[in-house]
Each structure stands twice: as structure tokens, then as C-alpha cells.
Amino acid sequence: MSGFFKSSVGRKVSMALSAFFLMIFLLQHLTINTMSVISADLFNEVSHFMGTNPLVQFVLQPILIFGVVFHFVMGFILELQNKRARKVSYAKNNGAANSSWMSRNMIWSGVAILAFIVLHFIDFWFPEINTKFIQGDWSGLHDGKFRYFHELQLKFVNPARVAAYCVAFVFLGLHLAHGFTSAFQSVGAASLRKKLNKVGLAYAILVPLGFIIVALFHHLSYNH
Ligand code: HEM
């Protein structure tokens, strides 16, 4: 098993598998966030269900956190490995001539997303862990009402945070524009290349755009 992760192919395949998992998570995350634009009550209900369901909290959430960490660590290892390979066979890889700007900069778009995740966890995830696991409050209530929607809106009052989030979502789009098709190629779906390019581009534009709309909606609609 450890041999699999040490081989170049093994690393690429495991990178692709964790990418699939994270891309499914992104769709689920966007779906729930979109509910906050449609109806505060719906968003509150779904957030409470997800936030208190034992399967989500004690099984899916740890798997997700592992998936995020795994993808970042493996991404850095692959980048180092590719750098070493580039030094050996430079003639094979001469930048723009045989690879796209996005594919050569996956590590930088990845670092931007990592920075976003740190900020995002400070904003949402750590307070949530604190309320539930440290203070032991699983009620989801504040002053007798569900707290999720109001907490979400408060986060998007500060324009600097909204701007930082939107810049990060653009980097997410750049990362996905190459990552989507690349992940399918790593698991041997190269024959579908043309179709995958189209679906991948649609995913890479629509998903980050959806997050941008959610962030801007809450910034603009909040009544002080
Ligand atoms: C406007 C956009 C977004 C909003 C409003 C938002 C909102 C939230 C909220 C409220 C939580 C806390 C959930 C909980 O633990 O109870 C959360 C967690 C999380 N978010 Fe986001 N998010 C956004 C964009 C993103 C993006 C683009 C990513 C990934 C690149 C992301 C990754 C995560 C992760 C990994 C968690 C922790 C896992 C979890 O417990 O759900 N989020 N987000």
C-alpha cells in the first residue's frame, strides 16, 4: 500500500480520487449555501440537520477533513516530484509550448485556496466546533431562534472579507479549470477528453460563480 503512494502513478490516482471527492463536496456545499439565498428558514433547517446528524458529524466530516488535508499534502508532494523531473528532462517540459498556464500554476492556485480554507475555518468551522464540541450546545438556537442564517449574514457584512472570498473563488475556478479534466485523465478517461473539457469548463465557471453570488447576495441584502 505504501508503495502505491510512493509511485508516481499511485500519487496521481490518489490525487484524482481525493479531487473527485472534494468536487462532490463542493456541489453539496454550494447547494446548501444557495438555500440561504432562497429561504432563511430552509437554510436554517438544513444547517441544523447537517450540524447535528451523527452520521454527518462523526463519519462524513472527519472523512472530509482528511480528504482536504490529503489533497493538499499530496499536491505539494506531486509538485516537488514534478520540479525534480523538470530539472532532469527540461527539454520535455518547456512551459507554454506544451502545457497550459493553469496546469503549470496548480500549486499557486492551490496555495490561494489553502489560504482561503484557513480564513474560512476561522470564520465558520472553528466557531461551530467550539459551540458544539467545547461548549456542548447542540440546540442550534440563539434567543429562541435558529442561529445559522443570522450568523452567515453577519460574516458577509465586512467588504474586505467579501472581496477576499471572491478573489479566492476566482482562484478556485482556475484550479478547477485544469483540475477537473486532469483528474479524469489520471484515472484513464482520456478517450472522453472533448466532452470532459466542456463539462469541466462549465463546472469550473458555474460552481465558483455560485459561491460569488451567495457572498455578494448576503453582503448586499443585509439590513443594518
Ligand atoms: C459563499 C461561499 C461559502 C459559504 C457561505 C460557506 C459557508 C460555510 C459554513 C456556514 C460552514 C460551516 C459548516 C459547519 O461546520 O457547520 C462551512 C464549512 C466549510 N466550508 Fe464553506 N462556505 C463557502 C465556500 C466554500 C468553498 C469555496 C470551499 C472550498 C474551497 C469551502 C469549504 C468548506 C469546508 C471544507 C468546510 C468545513 C466542513 C464542514 O463542516 O462543512 N467553503 N462553509
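Every number for a ligand or one of its atoms is a count from 1 in the order of the listing.
The shortest heavy-atom distance from Leu26 to ligand 1 is under 4.0 Å. In this structure, Tyr165 has no heavy atom closer than 4.0 Å to ligand 1. The closest approach between Tyr148 and ligand 1 stays at or above 4.0 Å for every heavy atom of the residue.
In this structure, Phe171 has its ring center at least 6.0 angstrom away from the ring center of Phe116.
In terms of hydrophobic clustering, with Ile, Leu, Val, Met, Phe, Trp and Tyr side chains grouped at heavy-atom distances under 4.5 Å, Phe25 and Met74 are assigned to a common cluster. Using a 4.5 Å cut-off between side-chain heavy atoms of Ile, Leu, Val, Met, Phe, Trp and Tyr, with links allowed through other members, Met15 and Ile113 fall into the same hydrophobic cluster.
For atom 13 (C) of ligand 1, no protein heavy-atom neighbour is found at a distance under 4.0 Å.
Residue pairs meeting the salt bridge (charged side-chain N to carboxylate O under 4.0 Å, His left out) criterion with at least one member in residues 178-188: none, sequence neighbours excluded. Applying the salt bridge (charged side-chain N to carboxylate O under 4.0 Å, His left out) test to residues at least two apart or on different chains, the pairs with a partner in residues 55-81 are Glu79-Arg86. Residue pairs meeting the salt bridge (charged side-chain N to carboxylate O under 4.0 Å, His left out) criterion with at least one member in residues 155-174, sequence neighbours excluded, are Asp123-Arg161.
Looking at Ser47, its side chain never comes within 3.5 Å of a backbone N or O of Asn44 through a donor-acceptor pair.
Residue, atom and distance of the protein heavy atom nearest to atom 40 (O) of ligand 1 are Gln61 OE1, 2.6 Å. Looking at atom 5 (C) of ligand 1, its nearest protein heavy atom turns out to be Leu152 CD1, 3.5 Å.
Around atom 21 (Fe) of ligand 1, protein N, O or S atoms at less than 2.8 Å number 2.
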Q.
Under the criterion side-chain hydrogen bond (donor to acceptor under 3.5 Å, both in side chains), I'd like the reasoning laid out for Ser39 against Asp41: C-alpha separation, chi angles, the key distance, then a yes or no.
A. CA-CA 5 Å; Ser39 151; Asp41 287 340; 5.2 Å; no
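Of the heavy atoms in Ile129, none comes closer than 4.0 Å to ligand 1. Under 4.0 angstrom from ligand 1, there are no non-hydrogen atoms of Ile65.
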